[in-house]
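Below, chain A is the first sequence line, B the second, and so on; all start at residue 1. Because only heavy atoms are used, hydrogens play no part in the values below, and waters and symmetry mates are left out as well, while side chains stay in.
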Amino acid sequence: MIMFGLIDCNNFYASCERVFNPALKKLPVVVLSNNDGCVIARSNEAKQLGIPMGAPAFKFRHIFEQNNIQVFSSNYALYGDMSNRVMTILATFTPEIEIYSIDEAFLKFKGFENNFNLTEYGNLIRYTVTRNTGIPISVGIAPTKALAKVANKVAKKFPDRTRHVYIIDTDDKRIKALKWLKIEDVWGIGYRYAKRLMAMNINNAYQFSKLSQEWVKKHMSVVGLRLHKELNGESCLDLEDIAPKKNIATTRSFDVDYIDYEKIKERVITFAVTCAEKLRKQKSCCNRILIFIHTNGFRENEPQYSKNIVLQLPYATNSGIELAKFAVIGLEKIFIKGFRYKKAGVLVMDFTPESSLQVNLFENTNPRHKPLMDAVDKINRQLGVKKLKLASQDQGRTWKMRQEKLSPRYTTNINEIITINCDYVFSLQTEQRRPNTSEPF
DNA sequence: TCTGGGGTCCTAGGACCC
DNA sequence: TCTGGGGTCCTAGGACCC
């Protein structure tokens, strides 16, 4: 039988911070979003202290201090590099792998059943990744992707019994796991569906799996139906190829409110230029661009304004100069003076491959932009930072992202590489194990 | 004072075409 | 006075993921 594995890095961003700073090992750690806005990753210790996902940092500041919680700004240079290392190792365990997110991958085990004990294999995967990267992972293995997700939850929740590796390979184990899994924790059941299902007294994954296919199809579309079948052991979801993106977005909240049109214009131009870079990276051109701006929705007493506009471009392009021009045209149409703007963004959509650009007799992208953009990319790549900008972009970088607690880019910048203090002794990172009284596994 | 930033897919309904 | 049937494309909105 074909089996799927789901490998998930435990508390990934928090674990990355610990790898190069072992002093953090037993301490609660949280990582904040861009602008140091809210909590997006927590170590187990921080979870136990009751720090919820998405907690606004400013509201929890005193709790951080009281409990000696170690707080970090997002360090995507570090997390991206650590992710690559983990994925590279995982790819040595099977020819078929799908990188599902920065900290998760599905592995497909086809033809393994006669040659491998998959539980032992899972243990080997976990051991190897942790030894070679310092990142602890959990491994779930099952006959479908959705069940592999379930198995992974079990592995993560019951480390004492599972040693972070769990396999669902019998119907008994499947049913037991589904009965244990709360409906809101099922992959594909979000907040809204969970609420509706609980109103019908469907409280766990097993009860959901017993609903009729007709009901599920009618109320949750074919997506819900696929999930339903997968939980019942029928594999509907195969590994997916890394497809080129269909949309690319660059959006940011500002550190303070912006009132001035010129300032917002500069940000929007920069977002458009960044989108153009991302487009060139995947060798696409876009045919439409969306620009949005909005005020701070959390300030309920202040006047609110939120607007977006989609422009159909006269020709497909991935030139930063062109996209910046169109972005400004869009912004002019939606900007209203007098509001306090908190966020803006640029989305590019409707892609054409760079290689198959249609020749438009009258209107087309300036042919000189292509070599120009290539040169810009090359220089920026070589210098490692954005040295080349449009004149309309902020030269002095007067704007800034709040990043007060940024750790070094240990693995991607030679100037920030770790220096070893002999007082530290590196050892394999193991998660704190705690007794659990109510565990069924 | 301070509340992230990306993505995907599906469906319904309207415009428009023959 | 009668007023089809089928198709495509587009958009908005709703759901979800990490």
(Q) On DNA chain B, does the nearest nucleotide to Lys278(A) precede the nearest nucleotide to Asn296(A) from the 5' side, or the other way round? Give the residue. (A) Asn296(A)
(Q) Output the pairing pattern of DNA chain C as a dot-bracket string, 5' first, Watson-Crick or G-U wobble with both distances under 3.5 Å, | for cross-strand pairs, [ ] for crossing pairs. (A) ....||||||||||||||
Q: Taking the six-membered ring for Trp and the full ring for Phe, Tyr or His, determine whether the centres of Tyr341(A) and Phe254(A) are under 6.0 Å apart.
A: no
**Q.** Listed nucleotide nearest any side-chain atom of Tyr76(A), set dC18(C), dC10(B), dG4(B)
**A.** dG4(B)
Q) Which one, dT3(B), dG4(B), dC17(C), comes nearest to the side chain of Ser33(A)? A) dG4(B)
Q) dC10(B), dC9(B), dC16(C): which one has an atom nearest the side-chain heavy atoms of Lys246(A)? A) dC9(B)
Q. Any Lys/Arg nitrogen of Asp374(A) or Lys378(A) sitting under 4.0 Å from an Asp/Glu carboxylate oxygen of the other?
A. no
Q) The side chain of Asn247(A) lies closest to which of these nucleotides: dT8(B), dG5(B), dC17(C)? A) dT8(B)
Q | Most 5' of Lys245(A) and Lys342(A) on DNA chain B, judged by nearest nucleotide | A | Lys342(A)
**Q.** Nearest-nucleotide pick for Arg192(A), side chain only, options being dC18(C), dG7(B), dA15(C)
**A.** dA15(C)
**Q.** N-O pairing of Arg61(A) and Glu404(A) below 4.0 Å
**A.** no
Q: State which of dG7(B), dC17(C), dT11(B) makes the closest approach to the side chain of Ser221(A).
A: dT11(B)
Q. Less than 4.0 Å between a side-chain N and a carboxylate O, is that true for Lys108(A) and Asp238(A)?
A. yes
Q: Run the salt-bridge test on Lys217(A) and Glu214(A) with the 4.0 Å N-O cut-off and return the result as yes or no.
A: no
Q: Please state the P separation for the pair dT3(B) and dC18(C) - nearest whole angstrom.
A: 25 Å
Q.
What's the closest nucleotide to the side chain of Asn34(A) if the choices are dG7(B), dG4(B), dG6(B)?
A. dG4(B)
Q: Please tell me which of the listed nucleotides, dT3(B), dG5(B), dC17(C), lies nearest to the side chain of Thr251(A)?
A: dG5(B)
